[in-house]
Every structure is written in structure tokens, then in C-alpha cells.
Undergrad: 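Mind looking over this structure? Questions follow.
Just so it is clear: chains get the letters A, B, ... in the order the sequence lines come, proteins before strands, and each one is counted from 1. The analysis underlying the following values was restricted to heavy atoms, covering all of them including side chains, and did not include hydrogens, waters or symmetry mates.
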Amino acid sequence: MTYWLMKSEPSEVSIDTLAGQPGQTIDWFGVRNYLARNFLRQMKLGDKAFFYHSSCPEPGIAGVVEIVREAYPDPTQFDFHNPHFDPKSPKDNPRWSTVDVKLVSKVELLSLAVLRTKPELAGLRLLQKGNRLSVTPVEPQHAEILERMLKRI
DNA sequence: GCCAACGTTGGC
DNA sequence: GCCAACGTTGGC
């Protein structure tokens with residue numbers, strides 16, 4: 001079982017958006033970066049991910065989710081009216097993938113500022129300078145530390 | 001709004 | 001294949 005970290009702007013999809021979905025499940029649409037896409041494609045059923053709020057007043061980890069459907073073509077790439085529409089993606093060889101994630105638990109927001117104070121998390125990809133990837137793997141030792149820090153609500 | 005960092009595009 | 005220009009991300 002692999003742990004991941006997935007970023008979302010709460011103005012688009014927040015942890016509460018997810019909690020309000022039927023089955024508390026949503027597809028992780030809109031990834032348009034090849035490295036992030038490749039990580040999506042590596043995800044296995046039962047993998048877990050930390051749900052991170054980015055580009056907001058208080059960025060940080062807001063919950064834990066589980067992968068409940070492995071990678072499949074992201075429908076938004078073919079939807080002309082969708083902001084994530086990609087005219088260059090071939091229908092017979094879709095460029096972008098998505099996975100379905102299901103809410104495991106909401107947590108008390110574990111803010112980026114607090115994460116930065118922990119020396120034992122210094123290696124976490126999220127905290128690396130210049131990191132902008134919206135989907136990243138989390139090393140087992142970092143996942144363990146994060147799981148211990150999270151307060152489920 | 002600013003800016004650093006990184007990715008993508010396109011001319012050559 | 002190089003690289004300048006441009007666009008995007010995302011914290012502050």
C-alpha cells in the first residue's frame with residue numbers, strides 16, 4: 001500500500017465538497033501535468049492519499065482519502081465546455097487520467113506552517129523548494145509520521 | 001499582487 | 001536539440 005499526497009484548491013474541490021458527494025467519492029479530474037499523471041497511473045486500489053488544500057488562506061492537509069478506482073481517462077479532457085478541456089488529446093489515446101477517491105476521514109487542518117516546523121518531515125516532497133506537483137508519493141516513514149500527527153474529526 | 005520555480009511552446 | 005518567451009502554480 002502506497003501513500004500519496006494530492007493537492008486541490010478548496011475553491012474548486014474541498015474536503016467538504018468530497019464529503020458531500022454521493023458515496024463520498026469523487027474523480028480526481030483536471031491533472032494536466034505528465035509527472036503527476038504518471039503518479040495517478042501508478043496508484044493501486046486501497047492506496048491512501050493525504051488530501052491537501054492549496055492556494056487558499058490556510059494551506060495544509062485536510063483529510064485522508066482512499067483510491068477506489070484505478071486510473072482511467074479523465075472525461076474533462078474531452079469536454080469542450082470544461083476549463084480542463086484539452087483539444088490536443090487524441091480520443092483513441094487519451095492523454096490525461098483520473099482516479100476515484102473516497103473519503104476516509106476529515107482531519108483537523110494540519111497546516112503547511114506546522115509541517116515545516118518538523119525536522120523529521122524535511123524530506124517530504126511537498127516541503128521541497130519549488131515543488132508544484134499536485135500528486136506526489138509519500139515515503140512510508142513520512143506517511144507514518146503524518147498519520148500520527150493527524151487528528152481525525 | 002508579487003515573485004520564485006518549474007513546465008510548455010515554438011522558432012531556429 | 002537548444003533556448004527564450006511565456007504560462008502556471010502556489011506560498012506569502
Undergrad: Applying side chain to side chain contact (heavy atoms under 4.5 Å, CB included) to A/Tyr52 and A/Met6, what does each step give before you reach the verdict?
TA: CA-CA 6 Å; A/Tyr52 180 89; A/Met6 304 171 82; over 6 Å; no
Undergrad: Using a strict heavy-atom distance below 4.0 Å, which residues from residues 49-62 of chain A are in contact with DNA chain C?
TA: A/Tyr52, A/Ser54, A/Ser55, A/Pro59
Undergrad: Can you tell me if A/Arg37 uses its side chain to pair, donor with acceptor, with the backbone of A/Arg95 under 3.5 Å?
TA: yes
Undergrad: Verify, without hydrogens or angle tests, whether A/Gln128 (side chain) and A/Ala122 (backbone) share a donor-acceptor contact under 3.5 angstrom.
TA: yes
Undergrad: Near DNA chain C, counting only heavy atoms under 4.0 Å, which residues of residues 106-127 of chain A show up?
TA: A/Leu112, A/Arg116
Undergrad: Look at the side chain of A/Ser8 and the backbone N and O of A/Pro10, then say whether any donor-acceptor pair between them is shorter than 3.5 Å.
TA: no
Undergrad: Is a side-chain donor-acceptor pair under 3.5 Å present for A/Tyr3 with A/Glu144?
TA: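 Result is no, nothing qualifies.
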Undergrad: Between A/Arg152 and A/Ser105, do the side chains contain an N or O donor and an N or O acceptor separated by less than 3.5 Å?
TA: yes
Undergrad: Counting only heavy atoms and a strict 4.0 angstrom limit, can you tell me which residues of residues 81-100 of chain A come near DNA chain C?
TA: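 By residue number: none to list.
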Undergrad: Can you name the nearest heavy-atom pair linking A/Arg41 to A/Ala71, along with the distance?
TA: CA-CB, 3.8 Å
Undergrad: Just by distance, with hydrogens left out, do A/Ser54 and A/Glu9 show a side-chain donor and acceptor under 3.5 Å apart?
TA: no
Undergrad: Any pair with a residue in residues 73-82 of chain A that passes salt bridge (Lys or Arg N to Asp or Glu O under 4.0 Å), sequence neighbours left out, goes on the list, sorted by first then second residue, please.
TA: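 Qualifying pairs: A/Arg32-A/Asp74.
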Undergrad: Report all side-chain donor-acceptor pairs from residues 107-118 of chain A shorter than 3.5 Å, counting only partners two or more places apart or in another chain.
TA:
{"residue": "A/Ser111", "atom": "OG", "partner": "A/Val114", "partner atom": "N", "Å": "3.2"}
{"residue": "A/Arg116", "atom": "NH1", "partner": "A/Leu127", "partner atom": "O", "Å": "3.3"}
{"residue": "A/Thr117", "atom": "OG1", "partner": "A/Val114", "partner atom": "O", "Å": "2.5"}

Undergrad: Give the ring-plane orientation class for A/Phe51 versus A/Trp28, where under 30° counts as parallel, over 60° as perpendicular and anything between as tilted.
TA: perpendicular
Undergrad: Just by distance, do the side chain of A/Glu66 and the backbone of A/Lys48 share a donor-acceptor pair under 3.5 Å?
TA: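 Checking the backbone N and O of A/Lys48 against the side chain of A/Glu66, no donor-acceptor pair under 3.5 Å is found.
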Undergrad: Below 4.0 Å from chain A heavy atoms, what is the first contacting nucleotide of DNA chain C and what is the last?
TA: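 Both ends considered, the range comes out as C/dG7 to C/dC12.
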